[in-house]
Amino acid sequence: RSSDLVHDVSPKDAGEYTCETEVSKTKATVQVKEVVNRFTKELSDVKGEEKGVAVFECETEKPAHIVTWRKGIAELQPTKKHELSQKGVTLRLTLNELRDRTSTR
């Protein structure tokens, strides 16, 4: 009987695997159930002065492959105003040149 131990599996490891000898073969499938990547540090409210900088930061259990930042329902894209970054499990949104929401400038 043959056995393999696979570490750090991901959904792309799912599929059919085969073991062959000169005269026979056997096969089996691997199904991978992806574990939800939960936040270990949630976002907190921040305050900043007009024309200043505000930084939002949160952390996840493992590095995130896809990160989406939003203001309301609008998806934020990287710009001079919105700096989006990720270092390991730390996700950061930096808002530059803060403006008061009533400001028309």
Side-chain angles (χ1 to χ4, degrees):
R1 182 174 137 159
S2 173
S3 68
D4 291 314
L5 182 59
V6 181
H7 298 278
D8 297 322
V9 296
S10 71
K12 63 184 172 189
D13 294 310
E16 185 175 271
Y17 290 81
T18 306
C19 181
E20 297 181 21
T21 68
E22 299 84 11
V23 292
S24 65
K25 74 177 179 180
T26 183
K27 59 185 171 183
T29 60
V30 172
Q31 295 178 345
V32 179
K33 179 182 175 190
E34 191 167 13
V35 178
V36 176
N37 190 10
R38 300 186 192 285
F39 286 99
T40 57
K41 177 182 170 189
E42 303 243 348
L43 289 174
S44 296
D45 293 342
V46 296
K47 292 182 180 181
E49 294 186 15
E50 192 167 12
K51 296 187 180 179
V53 174
V55 179
F56 290 103
E57 187 175 280
C58 56
E59 294 179 0
T60 55
E61 292 177 330
K62 58 185 180 179
H65 299 290
I66 298 172
V67 178
T68 304
W69 285 93
R70 297 181 189 280
K71 179 181 180 191
I73 62 169
E75 184 174 330
L76 299 177
Q77 300 297 323
T79 63
K80 285 179 146 180
K81 173 82 175 161
H82 305 114
E83 293 179 33
L84 291 59
S85 64
Q86 178 176 359
K87 187 172 185 180
V89 297
T90 302
L91 309 171
R92 186 174 291 124
L93 167 63
T94 303
L95 303 176
N96 297 303
E97 293 291 318
L98 294 174
R99 290 186 293 165
D100 183 285
R101 92 177 82 144
T102 61
S103 175
T104 59
R105 292 178 260 147

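Given the structure is predicted, the values throughout are model-derived calculations rather than measurements.
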Supply the members, apart from [X], of the Ile/Leu/Val/Met/Phe/Trp/Tyr cluster built from side-chain contacts under 4.5 Å; use none for a lone residue.
{"X": "Ile73", "answer": "none"}
{"X": "Ile66", "answer": "none"}
{"X": "Val53", "answer": "Val55"}

Could you work out, with side-chain contact (heavy atoms from CB on, under 4.5 Å) as the rule, every residue matching Thr29, not counting sequence neighbours?
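With neighbours one apart ignored, the set is Glu16.
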Sequence neighbours left out, what passes side-chain contact (heavy atoms from CB on, under 4.5 Å) with Ala64? Give chain and number order.
Asn37, Val67, Gln86
Identify the heavy atoms of Pro11 and Val32 that sit nearest to each other, and give their distance.
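What the structure gives for the nearest pair is N-CG1, 4.0 Å.
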Given the rule that I, L, V, M, F, W and Y join up when any side-chain heavy atoms are under 4.5 Å apart, are Val89 and Phe56 in one cluster?
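In one cluster: no.
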I'd like to check the side-chain hydrogen bond (donor to acceptor under 3.5 Å, both in side chains) partners of [X]; sequence neighbours left out, ordered by chain and number.
{"X": "Thr21", "value": "Ser24"}
{"X": "Ser44", "value": "none"}
{"X": "Glu20", "value": "none"}
{"X": "Glu42", "value": "none"}

Extract all donor-acceptor atom pairs below 3.5 Å that involve side chains of residues 90-98 and protein atoms in other chains or at least two apart in sequence.
residue: Arg92; atom: NE; partner: Glu57; partner atom: OE1; Å: 2.9
residue: Arg92; atom: NH2; partner: Glu57; partner atom: OE1; Å: 2.3
residue: Asn96; atom: ND2; partner: Lys80; partner atom: O; Å: 2.8
residue: Asn96; atom: ND2; partner: Glu83; partner atom: OE2; Å: 2.8

Side chain proximity check, Leu84 to His82, heavy atoms < 4.5 angstrom:
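Counting from C-beta outward, Leu84 and His82 do come under 4.5 Å.
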Does anything in residues 62-78 pair up under side chain to side chain donor-acceptor pair (under 3.5 Å), and if so which pairs, sequence neighbours excluded?
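For residues 62-78, and leaving out neighbouring residues, the side chain to side chain donor-acceptor pair (under 3.5 Å) pairs sorted by first residue read Glu75-Gln77.
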To the nearest 0.5 Å, what is the distance between OG1 on Thr40 and CD on Glu59?
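Those atoms lie 5.0 Å apart.
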